[in-house]
**Student:** 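Got a structure here, written out as structure tokens. Questions coming.
Here is how names work: the chains are called A, B, and so on, in the same order as the sequence lines, proteins then strands, and each is numbered from 1.
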2 protein chains.
Amino acid sequence: MADDDWEPPSVLLAVDLVILTLRADRLHVLLIERGVEPFAGALALPGGFLRDLREDIPAAARRELAEEAGLVDVPHLEPLGVYGEPGRDPRGRVVSVAHLAIAPRLPEPTAGTDASGARWEPAGPVLSGRAPLAFDHGRIVADGVERARRKLEHSALATAFCGETFTISELQQVYEAVWDVRLDPRNFYRKVQSARGFIVPAGPARRTENGRPARLFTAGPQRALHPPMARAKDLHA
Amino acid sequence: MADDDWEPPSVLLAVDLVILTLRADRLHVLLIERGVEPFAGALALPGGFLRDLREDIPAAARRELAEEAGLVDVPHLEPLGVYGEPGRDPRGRVVSVAHLAIAPRLPEPTAGTDASGARWEPAGPVLSGRAPLAFDHGRIVADGVERARRKLEHSALATAFCGETFTISELQQVYEAVWDVRLDPRNFYRKVQSARGFIVPAGPARRTENGRPARLFTAGPQRALHPPMARAKDLHA
DNA sequence: CGAATAGTGTCTTTGAGACATTATAGG
DNA sequence: CCTATAATGTCTCAAAGACACTATTCG
């Protein structure tokens, strides 16, 4: 099928990062204003090329996470997908391995570090297309948010949006922001407690804000949720 | 952060295929006996390098599906993941985009075509490690089967294992083989019927085997299942 | 007829969701 | 006291699973 002197072509390998967090009860994504062509001045995902042929892909993702976003040790980082369509990058055939990262809410701005142009942007306008991104990064963000939405149902991913300890109502805010729905606090309380290994009490400690102090919890050992946090009647597509 | 004369490295891009089907009520995967080094004589997934820089990745997957497996127009083909660890291929830095394909049960052997060394192997020994594969293909098969298992729950993927028309008990055999469980035929019947848009009656036609003839169905328009085909208490990891 | 598979009905348990009620803080 | 939030309890409905029963083919 192949000529005897045929040789396989080489491509440039990149990693891109969809980093999600919660700010002011809304889902945000970390974006960078590009300083160089192509797409200079446009917003884009943090990311970059593989450094050398010895660097593996998860290491490249963690390196870009630190270099471009100023984040180390995020509570969740996973591969999201491959984006390699010819023409997606005018510089040549670039195949990008997108990753999904979740950051807790506290890391306020991303100042101080090398991550100068980085800033948190609300996810809504990006998803609706009102805030177009460079390259095919708009679609990558959409795929990342969709992945996060699905994983909230069946995994303990929601705890990655919270700090080391959190209250149940903080956890509920994660679900409400990512799914963009309102949930009944009482039913949510029962459901999240009945999912075995999802969250565990964090000592007798408490915290205060406005009403009665809430118990603190930490992420439990369980990755998969039984029963899941079903949100039934939405994705009828 | 980068030297001024730094240039990003190039990698070889490949596609690999996990093609699943049902044979004799057991899950099988299509494997190829390698004729050349590395891993000559070992079993491996069908796949190969990108043909040229203009070929996009889905097209490369379909091309390998035809060239190496002799299959055209499989009912399901989706990207599965990226496998690019340095050292996974002794020929150099090869990054492979794995795909998951589902074939209906009928395509008996894969004879006649260019796909000479191709044959269906039971998935069990591959998953348990008793039948090791070349490269990291054992892990890719495991990831592909895991993906199929999960998607059976929430999508209409099971119909891809069947022919154009099928009976409900044939559909049940798909679930039993992929999940490796026994299901109650009566409850399965009700559940699969109540999932809106999953399967639709295929005319008044019938088929016969041993007992009462069964109604025929075809795949419905719905991709996502409501309610899902929950198999509750399994993956406690 | 009996054997085998297809299809229906019924019961029990479990969880989802609506919503009342009590508990504990600050002002 | 009132307000706000946390935590618990109660009710109803829908779906999961166990299992009896009827229906339709074959030999």
Side-chain angles (χ1 to χ4, degrees), chain A residues 25 152-154 158 162 165-176 179 181-218 222 224-236, chain B residues 25 152-154 162 165-176 179 181-218 222 224-235:
Chain A
D25 283 2
L152 281 199
E153 280 194 77
H154 303 284
C162 302
T165 64
F166 49 87
T167 68
I168 288 185
S169 94
E170 286 172 344
L171 193 62
Q172 178 179 345
Q173 287 166 16
V174 173
Y175 280 89
E176 291 186 334
W179 284 351
V181 295
R182 294 305 126 188
L183 301 174
D184 185 294
R186 292 133 352 175
N187 292 335
F188 184 86
Y189 197 98
R190 269 192 301 102
K191 188 149 54 172
V192 80
Q193 289 272 49
S194 70
R196 294 156 291 200
F198 186 9
I199 59 174
V200 298
R206 303 191 170 199
R207 203 189 301 181
T208 170
E209 173 81 10
N210 210 355
R212 169 177 174 176
R215 299 184 194 141
L216 289 177
F217 295 84
T218 61
Q222 198 76 18
L225 293 190
H226 289 286
M229 302 290 292
R231 44 150 185 175
K233 349 235 175 244
D234 314 27
L235 43 141
H236 278 314
Chain B
D25 283 2
L152 280 199
E153 280 194 76
H154 302 285
C162 301
T165 65
F166 50 86
T167 67
I168 288 186
S169 94
E170 285 172 346
L171 194 61
Q172 178 178 344
Q173 288 166 15
V174 173
Y175 279 88
E176 292 186 332
W179 284 352
V181 295
R182 295 302 126 191
L183 301 174
D184 184 297
R186 290 127 3 169
N187 292 336
F188 184 85
Y189 197 98
R190 271 192 300 103
K191 188 148 53 172
V192 81
Q193 291 271 51
S194 70
R196 294 157 293 198
F198 186 9
I199 58 174
V200 299
R206 304 193 170 198
R207 205 188 300 180
T208 172
E209 172 79 11
N210 210 355
R212 169 177 174 175
R215 300 185 194 140
L216 289 177
F217 294 85
T218 61
Q222 199 76 19
L225 293 189
H226 289 289
M229 303 290 292
R231 43 150 185 172
K233 351 237 176 243
D234 311 30
L235 40 143

**Student:** To the nearest Å, give me how far apart CG (B:Leu171) and C1' (C:dG7) are.
**Tutor:**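 About 16 Å, once rounded to whole Å.
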**Student:** Rounded to whole Å, please give me the gap between CZ in B:Arg215 and P in C:dT5.
**Tutor:**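 Rounding to the nearest Å, CZ of B:Arg215 and P of C:dT5 are 18 Å apart.
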**Student:** So what does B:Ser169 touch, heavy atoms closer than 4.0 Å: a base, only the sugar-phosphate, or nothing?
**Tutor:**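 Sugar-phosphate: the residue B:Ser169, judged by heavy atoms under 4.0 Å, touches backbone atoms but no base.
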**Student:** Nearest whole angstrom, please: distance from the P of C:dG7 to the NZ of B:Lys191.
**Tutor:**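 Going from B:Lys191 (NZ) to C:dG7 (P), I get 18 Å.
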**Student:** Quick one: does A:Tyr175's side chain have a donor or acceptor within less than 3.5 Å of a partner on A:Ala158's backbone?
**Tutor:**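 Side chain of A:Tyr175 to backbone of A:Ala158, a donor-acceptor pair under 3.5 Å: no, none is there.
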**Student:** Rounded to whole angstrom units, what separation is found between the CD atom of B:Gln172 and the C1' atom of C:dG7?
**Tutor:**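 Rounded to the whole Å, the gap is 13 Å.
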**Student:** Report the distance from atom CD of A:Glu170 to atom CG of A:Asp25, rounding to the nearest 0.5 Å.
**Tutor:**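 Separation between the atoms: 10.0 Å.
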**Student:** Please report the interatomic distance NE2(B:His154) to NE2(B:His226), rounded to the nearest 0.5 Å.
**Tutor:**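 Output value for this atom pair is 10.0 Å.
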**Student:** Whole angstroms only, please: what is the NE2-P distance between A:His226 and C:dA16?
**Tutor:**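 In whole Å, C:dA16 P and A:His226 NE2 are 13 Å from each other.
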**Student:** It should be established whether A:Tyr189 places a side-chain nitrogen or oxygen under 4.0 Å from OP1 or OP2 of nucleotide D:dT8.
**Tutor:**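 The answer is yes; a side-chain N or O of A:Tyr189 sits under 4.0 Å from OP1 or OP2.
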**Student:** Using the side-chain hydrogen bond (donor to acceptor under 3.5 Å, both in side chains) criterion, which residues pair with A:Glu176? Sequence neighbours excluded.
**Tutor:**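 A:Gln172, A:Arg182.
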**Student:** For a quick check, with a 4.0 angstrom heavy-atom cut-off, what is the B/S/- contact string for nucleotides 18-27 of chain D, read 5' to 3'?
**Tutor:** BBB--BBB--
**Student:** I need the CG-P distance between A:Leu183 and D:dA7, as an integer number of Å.
**Tutor:**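 Result: 17 Å.
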**Student:** Could you tell me the separation between the OG atom of B:Ser194 and the CG atom of B:Leu225, rounded to the nearest 0.5 Å?
**Tutor:**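 Separation between the atoms: 10.0 Å.
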**Student:** Would a 4.5 Å heavy-atom cut-off, applied to side chains only, mark A:Leu216 and A:Thr167 as touching?
**Tutor:**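 Yes. Closest side-chain heavy atoms under 4.5 Å.
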**Student:** Under 4.0 Å between any heavy atoms, over every strand shown, what does B:Thr167 touch: base, sugar-phosphate, or nothing? Just pick one.
**Tutor:**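 No contact.
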**Student:** Using whole Å, report how far CZ of A:Phe188 lies from P of C:dG15.
**Tutor:**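 Computing the A:Phe188:CZ to C:dG15:P distance gives 17 Å.
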**Student:** If I take atom SG from residue B:Cys162 and atom CD1 from residue B:Ile168, how far apart are they, to the nearest 0.5 angstrom?
**Tutor:**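 Interatomic distance, B:Cys162 SG to B:Ile168 CD1, rounded to 0.5 Å: 11.0 Å.
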**Student:** Provide, to the nearest angstrom, the distance between the CG atom belonging to B:Leu225 and the P atom belonging to D:dA15.
**Tutor:**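 About 14 Å, once rounded to whole Å.
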